[in-house]
Amino acid sequence: MSSKNDSRENILSAATRLFHIQGYHATGLNQILKESGAPKGSLYYHFPNGKEQLAIEAVNMMARLIKGELREHFSLFDDPVQCIQYHIQFIAKKFDDIENLKSLPVGLMAAETSLFSEPLRTACLSAFEGWEKLYCDKLIQQGYEDTFAKEISIVINSMIEGAITRSLANKNGAPLYLAAESIQLLLKK
C-alpha cells in the first residue's frame, strides 16, 4: 500500500517529467494526475496552490539535486577548470540518452514562466544563484578575485543553460561538450 508521501512524490515526479517534455503551459493537472496514478484529492492535499506550486517544487527539487552533484564533482578536483568541465560533461552524458532524460531544465522553465509568475521566476533565480555561488566559492578558494569569480559564475551558468537548450534541439550532448571545452578559456589566469 502506498503512503501519502509516495503519492506526493509520484505527483511531483510526473509533473517534473511532463514539464520537461511539454513545458509548463502544455501540461495540465488532469494529465499529471493520470500519469502519477494519484487521486485528485491528493494533488490538492499535497499541492494546495496547484500547478504553480508543483512547478516551484520541481524547480527546487532540481536545484537541490544539481547542488548535490556540483558539491560531489567539486570534491574530486582542486582545479576549478577540471571540476567545472567534469560537471558539464556529466550533464552532457545525460543528453546523449535524451529519451531517458528525467530532469527539468530550469532555464526553460524560467524562459516560459518568468513573465507571468513571480513565484516561479523567483524559484528559478534562486536555483541559478545557488549554483553560481558554488562556482564562485570554488573559484575564490583557488585564488580568483571575488568580483571576477561572481561575474564569471553567472557567465558559466548561463553558458550551461544555453548549451542545455541547444542540446535539447540537437538531441545529444554535443553543445554541452563544447561548453565544457570552453571553460579553460573563460578561466585563463
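Computation of the quantities below employed the complete heavy-atom set of this structure, encompassing side-chain atoms and omitting hydrogens, waters and symmetry-equivalent molecules. Everything numeric in this text was worked out from a predicted model, so none of it was measured.
When the side chains of ILVMFWY residues are joined at heavy-atom separations under 4.5 Å, either directly or via intervening members, Ile154 and Leu70 end up in two distinct hydrophobic clusters. Both Ile91 and Met61 belong to a common hydrophobic cluster when Ile, Leu, Val, Met, Phe, Trp and Tyr are linked at side-chain heavy-atom distances under 4.5 angstrom. In terms of hydrophobic clustering, with Ile, Leu, Val, Met, Phe, Trp and Tyr side chains grouped at heavy-atom distances under 4.5 Å, Leu168 and Ile21 are assigned to different clusters. Two different hydrophobic clusters hold Met62 and Phe90 under the rule that ILVMFWY side chains link at heavy-atom gaps under 4.5 Å. Linking ILVMFWY residues whenever their side-chain heavy atoms come closer than 4.5 Å, directly or via other members, places Ile88 and Val155 in the same cluster.
For His20 against Pro105, the heavy-atom pair with the smallest separation is ND1-CD, 3.1 Å. Closest approach of Gly23 to Thr27, counting heavy atoms only: O-OG1, 2.7 Å. Here the closest non-hydrogen pair linking Asp78 and Lys138 is O-CE, 3.4 Å. Taking both residues in full, the closest heavy atoms of Leu12 and Ala58 are given as CD1-N, 3.7 Å, listed atom of the first, atom of the second, then distance. Between Ser42 and Ala38, the shortest heavy-atom distance links the atoms CB-CB, 4.2 Å. Residues Leu187 and Tyr144 share a closest heavy-atom pair of O-OH, 2.7 Å.
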- [ ] Given side chain to side chain contact (heavy atoms under 4.5 Å, CB included), test Asp79 with Gln142 step by step and report yes or no.
- [x] CA-CA 7 Å; Asp79 177 28; Gln142 296 303 314; over 6 Å; no
TODO: Any chance you could lay out the side chain to side chain contact (heavy atoms under 4.5 Å, CB included) test for Ile84 and His87, step after step, and finish with the verdict?
DONE: CA-CA 5 Å; Ile84 294 170; His87 178 68; 5.6 Å; no
- [ ] Show the numbers, then the answer: is there a side chain to side chain contact (heavy atoms under 4.5 Å, CB included) between Ile140 and Glu145?
- [x] CA-CA 6 Å; Ile140 290 170; Glu145 189 269 322; over 6 Å; no
Task: Intermediate values then yes/no, side chain to side chain contact (heavy atoms under 4.5 Å, CB included), Leu54 and Thr16 - done: CA-CA 8 Å; Leu54 267 168; Thr16 299; over 6 Å; no
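Residues satisfying the side chain to side chain contact (heavy atoms under 4.5 Å, CB included) criterion with Tyr86, sequence neighbours excluded, are His73, Leu76, Phe77. Legend: residues meeting ring pair (Phe, Tyr, Trp, His ring centres under 6.0 Å) with Tyr24, ordered by chain and number and at least two apart, are Phe19, Phe116. Checked against salt bridge (Lys or Arg N to Asp or Glu O under 4.0 Å), Lys93 has no partners two or more places apart in sequence or in another chain. With sequence neighbours left out, the side-chain hydrogen bond (donor to acceptor under 3.5 Å, both in side chains) criterion links Ser75 to no other residue. Under the side chain to side chain contact (heavy atoms under 4.5 Å, CB included) criterion, Glu129 pairs with Leu125, Glu132, not counting sequence neighbours. For Ala123, the side chain to side chain contact (heavy atoms under 4.5 Å, CB included) partners are Ile56, Val59, Asn60, not counting sequence neighbours. Qualifying side chain to side chain contact (heavy atoms under 4.5 Å, CB included) partners for Ser13, counting only residues two or more places apart in sequence or in other chains: none. By the salt bridge (Lys or Arg N to Asp or Glu O under 4.0 Å) test, Lys67 is found to be paired with no residue, residues two or more places apart in sequence or in another chain being considered.
Atom-to-atom distance recorded for Leu176:CG and Gln89:CD is 10.0 Å, nearest 0.5 angstrom. With values rounded to the nearest 0.5 angstrom, Ile152 atom CD1 is found 8.5 Å from Leu139 atom CG. Taking CG of Leu29 as the reference point, atom CD1 of Ile11 lies at 10.0 Å (rounded to 0.5 Å). For the atom pair Leu33 CG and Gln31 CD, the distance stands at 10.5 Å (nearest 0.5 Å). Summarising the geometry, atom CD1 belonging to Ile32 is positioned 12.0 Å from atom NZ belonging to Lys40; distances are rounded to the nearest 0.5 Å. To the nearest 0.5 angstrom, Thr113 atom OG1 is 10.5 Å from Leu108 atom CG.
For Tyr44, the OH atom sits in a loose shell: 12 or fewer heavy atoms of surrounding residues, nucleotides or ligands are nearer than 6.0 Å. Residue Lys150 qualifies as open at atom NZ: its count of foreign heavy atoms under 6.0 Å is 12 or below.
Listed by first and then second residue, the salt bridge (Lys or Arg N to Asp or Glu O under 4.0 Å) pairs involving residues 165-177 amount to none (not counting sequence neighbours). Evaluation of the salt bridge (Lys or Arg N to Asp or Glu O under 4.0 Å) test over residues 21-37, restricted to residues two or more places apart or in two chains, returns Arg17-Glu35. Within the structure, salt bridge (Lys or Arg N to Asp or Glu O under 4.0 Å) pairs that include any residue of residues 51-63 comprise Arg8-Glu57 (at least two apart or interchain). The ring pair (Phe, Tyr, Trp, His ring centres under 6.0 Å) contacts involving residues 168-189 comprise nothing, where partners must be two or more places apart or lie in separate chains.
Between the side chains of Gln85 and Gln184, no donor-acceptor pair of N or O atoms lies under 3.5 Å.
Remark: the backbone N or O of Asn172 is not paired with any side-chain donor or acceptor of Asn170 at under 3.5 angstrom. Of the possible polar contacts, one joining the Asp96 side chain to the Gly173 backbone as a donor-acceptor pair under 3.5 Å is found. The main-chain N or O of Cys136 is found under 3.5 Å from a side-chain atom of Ser153 such that the two form a donor-acceptor pair.
Annotation: side chain of Thr165 is not in contact with side chain of Glu161 (no heavy-atom distance under 4.5 Å).
Under the 30°/60° scheme for interplanar angles, the aromatic rings of Trp131 and Phe128 are found to stand perpendicular.
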